[in-house]
Amino acid sequence: MKYAVLATWKMALEGTRKAAALLKEGEHSGRAIVEGITMVEDEPSFHSVGFGGRPNAEGRVFLDGGYMDGDTLHFGAVGSIENFRSAVRIAYSLQEGDANNFLVGEGAERYAEEHGFEKRDNVTEEAMELYMKEKDRLQELSAYDGHDTVCFLALDQNGTLCAATSTSGLFMKQPGRVGDTPLPGVGYYADSKVGAAAATGMGEEIMKGALSYAAIRMMKDGMSAQEAAETAVFELDRELKERNGHANPMSLIVLAKDGSCGIGTNVSFTWCYASDTEEAAVHEITLP
Ligand code: GLY
């Protein structure tokens with residue numbers, strides 16, 4: 001395969017198409033997926049990312065995002081930032097240098113402001129209506145309600161694998177709460193010698209298994225993308241059920257260095273894939 005792109009959820013279809021078109025022109029995988037994710041962040045009808053994202057318990061939208069380059073293993077990440085257009089663009093810019101790659105809260109916002117990143121109030125009328133309707137039912141809400149992270153993985157024509165993520169996190173999350181999405185090794189990982197992986201679902205569960213790195217480690221030991229994705233999710237799901245009696249939803253996408261992909265999930269899940277031999281399309285696993 002010359003190039004390939006894999007992304008979480010059907011909301012990523014247009015972004016997947018865009019990233020694939022850029023990869024076809026020879027673009028770097030990292031720049032291609034940042035463009036793809038930004039399209040999702042800009043669309044207010046997608047309720048778990050960027051503009052129109054789900055508000056926290058105080059009715060404010062805070063964003064998390066991460067990025068990793070599989071050639072250098074450099075990563076950049078931001079957690080709990082408010083009033084910026086694109087968490088992933090800021091994360092991408094933080095990959096340079098050996099320190100200060102992961103910024104949160106006020107420090108991340110100051111960095112973004114100083115570096116000229118576009119600002120935006122991400123609270124839409126629709127998101128606020130939902131917040132007003134649900135705010136008194138906080139105890140009844142499922143932890144999983146409305147927090148689908150957008151994750152993109154890509155392989156470019158030079159063999160570079162990259163991973164990127166963006167989310168507004170859990171609906172009604174506590175102020176200051178950060179999930180798996182900006183955490184390298186947990187929400188995403190990329191190693192051009194092996195593969196790339198990224199996770200969506202309940203961040204606190206995904207953290208317990210460092211899910212993205214777990215899959216890449218399994219591929220280093222010889223598993224295919226599909227075997228690694230399934231094994232990483234099912235092993236963690238089993239461990240959590242044994243220890244706690246239940247496991248919350250989690251899904252993992254994996255892209256191997258040959259462009260083949262793998263999906264592991266303990267919940268119904270959609271994803272998008274495109275390559276030099278396949279048009280961008282939505283795929284689905286439906287679980288009871
Ligand atoms: N997976 C997104 C979050 O838990 O914040």
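The first residue in the sequence is number 1, and the count goes up from there. Start at 1 and go down the list; that is how both ligands and their atoms are numbered.
Atoms of ligand 1 found under 4.0 Å from any heavy atom of Thr181 (numbered from 1 in listed order, with element): 1 (N), 2 (C). Shown in contact with Gly169 at under 4.0 Å from a heavy atom are these atoms of ligand 1, numbered in order with element: 5 (O). Near Thr149, with a cut-off below 4.0 Å to any heavy atom, the atoms of ligand 1 are 1 (N), 2 (C). Against a heavy-atom cut-off of under 4.0 Å, Asp180 is close to the following atoms of ligand 1: 1 (N), 2 (C), 3 (C), 4 (O).
Using a 4.5 Å heavy-atom threshold, the side chains of Thr124 and Glu129 count as separate. Val254 is listed as a side-chain neighbour of Met219, based on a closest heavy-atom distance under 4.5 Å.
Here Arg243 pairs with Glu239 in a salt bridge; the nearest charged N to carboxylate O distance falls below 4.0 Å.
The shortest heavy-atom distance from Arg177 to ligand 1 is under 4.0 Å. Heavy atoms of Thr200 come nearer than 4.0 angstrom to ligand 1 in no pair at all.
Among residue pairs with one or both ends in residues 77-89, those qualifying as side chain to side chain donor-acceptor pair (under 3.5 Å) are Glu35-Arg89, Thr38-Arg89, Glu41-Ser86, Asp42-Arg85, Arg60-Glu82, Arg85-Glu118; sequence neighbours excluded. Sorted by first and then second residue, the side chain to side chain donor-acceptor pair (under 3.5 Å) pairs with a member in residues 279-288 form an empty list; sequence neighbours excluded.
Between Trp9 and Phe269, a ring centre-to-centre spacing shorter than 6.0 Å is recorded.
Considering backbone and side-chain atoms together, Met202 places no N or O closer than 3.5 Å to any N or O of ligand 1. An N or O contact shorter than 3.5 Å links Gly203 to ligand 1 by distance.
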